[in-house]
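Below, chain A is the first sequence line, B the second, and so on; all start at residue 1. For the numbers below, each heavy atom of this structure counts, side chains included, while hydrogens, waters and symmetry mates do not.
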Amino acid sequence: MSLARRILTSKDETAPWRGGYARYDLVKELCIALAVITALAVLLAALFSSPDLQPSTIAAWSRQMPVNFLATASKELDGTSETAEYGPPYNKGKGFVQHAAFIHLQEWLGISHPIDPAKDYVIDPLRTVTGDPALSAALQTYERATPSRQRDWAQAYAKPLEAYEAAFAARKAPTRAVAVNERSGTVTVAASGAGPVPTMMSVLLNQARSGALDGILLTSRHFYQTDYTKPLLFIADGALLEKRAQAQHLLGNQWGMMNETGSYPGQVWLWLYTFWYQIEPFSTSHNADLLVMLVMAVLSLAFVLIPFLPVVRDIPRAIPLYRLIWREHYRSTQEDE
Amino acid sequence: MSAAHGGGAAAPRERADTWTGRLREAALAALPPEKLLPDGQPTYVASWVYVFGVASIASLTVIIGSGMILALKGPSWWHDTGVGHFFNSVHLWAVELFFFVMVVHLWAKYWMAAWRGGRARVWMTGAVTFLIAVPTALTGYVSQQNFDSQWISTQAKDAMNSVGIGAFFNLTNFGQMYSYHVLLLPAAVVTLVLAHVLLVRRHGVVPPIESKRRFAPSGGAAGGRSPRAGRSALEGGKVDPSVRGGSEGEQADPPAPRGSEGGGS
């Protein structure tokens with residue numbers, strides 16, 4: 001019989017045990033294990049505590065990084081932010097839609113959490129402001145314009161902000177079109193052809209700085225709120241979360257999914273999942289998330305089905321680590337001989 | 001004197017004609033009390049590695065206990081008080097211990113080829129428990145209401161969305177994640193662990209590899225000297241026909257005196 005055939009047709013000849021038995025108190029063992037694990041968990045908790053970094057708020061973001069806040073809000077308005085271009089389950093965008101061959105799971109499941117970034121993040125919050133005639137006029141002008149005109153205004157406003165951010169990242173002299181007043185936190189943008197957008201954005205920045213925008217983005221038809229999808233995606237479109245994450249070694253290219261803030265152990269059991277993101281073709285693929293999930297699905301299925309997988313189920317026989325585990329048993333059977 | 005009082009030949013037991021009775025009979029046939037809670041183990045169950053199975057159950061118990069205390073006071077409590085933070089820390093470290101001991105347990109069982117002898121379902125329930133424990137922990141991380149949960153939820157959402165799961169498993173929806181974390185997924189883990197333990201009890205701890213002399217398939221001479229002075233099943237234990245002849249290649253083990261194999265999981 002060939003080796004391949006022998007492996008594929010190997011039979012399980014394990015027979016029931018008919019040897020000796022020894023006293024063994026399972027309940028006592030469980031009680032001792034419970035006491036030891038409880039003591040260990042309490043000791044580790046007392047010694048090392050647990051991490052709890054304050055969450056980021058839109059208010060904090062707009063105060064610490066007002067230019068980035070305004071640049072992000074402009075992108076929400078002109079439809080070029082990550083959330084605006086994302087696609088299902090948030091909208092009809094295509095920017096972050098993934099597929100593998102004929103598998104289009106993301107599109108098949110459709111839009112379950114609709115988000116219209118321009119409306120949800122800019123227009124609707126501004127509508128809650130009363131007693132500001134300049135804002136009312138700006139909003140009226142904006143809403144009466146054609147979509148392409150609206151987009152042109154938003155892009156004209158965003159352009160100097162993006163240039164400012166790029167210069168700041170490259171440690172070059174920033175553009176003079178953007179002036180940040182460190183004391184008041186206001187930002188003046190000299191953007192020609194931006195129509196009513198500078199007025200709108202100025203009020204939005206004030207709303208954000210006051211903390212009002214954090215509450216407005218959570219508001220829905222219900223009194224109680226538990227869904228943070230809208231504010232979280234808005235903050236994530238900006239640079240604050242990423243900046244904090246990088247400092248805490250949580251980025252994807254830092255094996256971030258299995259790390260924890262500070263020096264605490266995180267979800268280390270995700271090491272294999274995180275590993276795929278570090279190598280080609282996953283690290284550069286537009287469909288990386290889907291491909292990694294599919295690979296992990298196949299590996300997980302194989303893990304569950306190990307008892308039926310030739311070769312994998314036979315490795316323990318080939319590498320006899322079991323002799324270490326049952327060394328007393330094998331020693332006693334040798335003595336019997 | 002009636003047969004019920006011990007006189008004459010014992011009448012054959014009638015099968016129960018109610019669903020409840022049939023369930024009881026099936027349960028007792030699959031797991032008679034002395035097999036469910038034996039006070040003896042085969043002599044080969046003599047290694048520290050067996051501790052990691054029961055340590056997994058112990059860690060899960062600490063996780064559930066500390067989680068219940070956190071649940072009693074609500075999701076914001078641990079941010080506001082030192083006591084709350086301490087119980088959160090216990091919960092976190094119990095989770096780390098749980099995964100550590102469970103992974104060691106899984107590796108040990110792999111190298112023991114613990115699925116042998118009709119124990120495939122034992123392996124499979126254990127493996128699925130590990131796989132379900134991963135999203136159980138993930139939903140805990142995104143329910144923390146701190147920077148960690150903000151970052152993890154906004155990053156991990158892409159993977160969920162890419163396979164369409166995001167439609168009904170939205171990591172940025174705190175209310176939904178909290179429900180998954182404190183009820184749905186723990187219920188799945190506990191159910192799987194229960195099934196796993198019952199299967200271990202039923203099939204017993206997997207015997208050592210390739211020691212055929214000890215495993216007489218048709219009741220041949222076995223036993224012999226034991227390093228732990230264990231008693232042979234054939235010395236004093238009767239073979240209970242109710243545990244013989246299971247299905248799907250299941251191994252029916254003769255119960256040892258006052259208990260059968262199937263210990264430390």
Side-chain angles (χ1 to χ4, degrees), chain A residues 12 14-24 26 29-30 33-34 37-38 40-42 44-45 49-50 52-53 55-56 89 98 105-106 108-109 112-113 226-229 232 236 241 244-245 250 261 265 267 269 289-290 293 300 303-304 307 316-317 321-322 325-326 328-329 332-333 336, chain B residues 40-44 46-47 49 54-55 58-59 62 88-90 92-94 96 99 111-113 115-117 120 123-124 127 131 146-148 150-151 154 158-159 162-164 166-167 172-175 207-209 214-217 222-224 226-228 230-232 251 253 256 261 263:
Chain A
D12 180 3
T14 306
W17 172 252
R18 299 193 188 283
Y21 283 76
R23 280 175 62 85
Y24 203 112
L26 289 173
E29 183 186 48
L30 177 63
L34 190 56
I37 294 288
T38 304
L40 264 177
V42 168
L44 288 165
S49 186
S50 53
D52 187 21
L53 288 191
S56 293
Q98 300 186 33
L105 291 166
Q106 190 171 355
W108 291 343
L109 270 291
S112 53
H113 315 300
T226 57
D227 186 356
Y228 292 77
T229 303
L232 270 176
L241 284 189
R244 293 185 71 185
L250 297 177
T261 52
Q267 300 179 80
W269 43 92
D289 295 302
L290 176 59
M293 288 292 273
S300 297
F303 170 53
V304 174
R317 290 176 186 275
L321 284 177
Y322 64 84
I325 295 168
W326 287 309
E328 274 196 41
H329 167 78
S332 74
T333 50
D336 288 347
Chain B
Q41 288 298 310
T43 50
Y44 57 77
S47 166
V49 87
V54 76
S59 325
V62 178
N88 180 74
S89 305
V90 171
L92 170 75
W93 286 107
E96 297 288 345
F99 273 95
W111 292 110
M112 293 157 86
W115 49 82
R116 291 172 296 117
W123 171 269
M124 290 164 77
L131 295 176
N146 56 13
F147 170 69
D148 213 21
Q150 284 184 316
W151 179 250
T154 52
D158 297 332
S162 72
V163 289
T172 52
N173 183 335
F174 166 75
I209 294 173
R214 288 227 160 199
F215 307 111
S226 157
R228 298 178 62 189
R231 289 189 293 167
S232 161
Q251 298 291 336
D253 305 331
E261 67 182 61

For the candidates [options], which exhibits the highest count of non-hydrogen atom pairs separated by less than 4.5 Å from chain B?
options                             : result
A:Tyr228, A:Trp269, A:Trp108        : A:Trp269
A:Leu30, A:Thr38, A:Leu105, A:Leu40 : A:Leu105
A:Ser300, A:Ala236, A:Ser49         : A:Ser49
A:Leu34, A:Val42, A:Asp52           : A:Asp52
A:Leu109, A:Leu321, A:Thr229        : A:Thr229

Legend entry - Side chain, backbone, both or neither of B:Thr154 within contact of chain A (heavy atoms, under 4.5 Å):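 Interface part for B:Thr154: side chain.
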
Legend entry - B:Trp111 portion near chain A, given a 4.5 angstrom heavy-atom threshold: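 For B:Trp111, heavy atoms of backbone and side chain both lie under 4.5 Å from chain A.
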
Inset, instruction - With a 4.5 angstrom heavy-atom cut-off, could you sort out which part of A:Trp326 is near chain B: side chain, backbone, both or neither? - result: side chain

Inset, instruction - Pick one of side chain, backbone, both or neither for A:Ser112, based on which atoms fall under 4.5 Å of a heavy atom in chain B. - result: side chain

Inset, instruction - Report the C-alpha separation of A:Tyr24 and A:Glu29 in whole Å, then their side-chain angles, then the decisive distance to 0.1 Å, and conclude whether the side chain to side chain donor-acceptor pair (under 3.5 Å) test is met. - result: CA-CA 8 Å; A:Tyr24 203 112; A:Glu29 183 186 48; 2.8 Å; yes

Under 4.5 Å between any side-chain heavy atoms of [X] and [Y], yes or no?
X        : Y        : result
B:Asn146 : A:Leu53  : no
A:Leu250 : A:Thr261 : yes
A:Leu26  : B:Gln41  : yes

Inset, instruction - Only counting residues at least two apart or in another chain, list the ones meeting ring-ring contact (aromatic ring centres under 6.0 Å, His included) with B:Phe174. - result: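 For B:Phe174 the ring-ring contact (aromatic ring centres under 6.0 Å, His included) partners, ignoring immediate neighbours, are B:Tyr178.
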
Legend entry - ring-ring contact (aromatic ring centres under 6.0 Å, His included) against B:Trp151, all qualifying residues, sequence neighbours excluded: none

Legend entry - Backbone of B:Pro207 reached by a side-chain donor or acceptor of A:His329 within 3.5 Å: no

Legend entry - Closest-packed option against chain A by number of heavy-atom pairs under 4.5 Å, given B:Val90, B:Val62, B:Asp158: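 Looking at each option in turn, the highest pair count goes to B:Asp158.
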
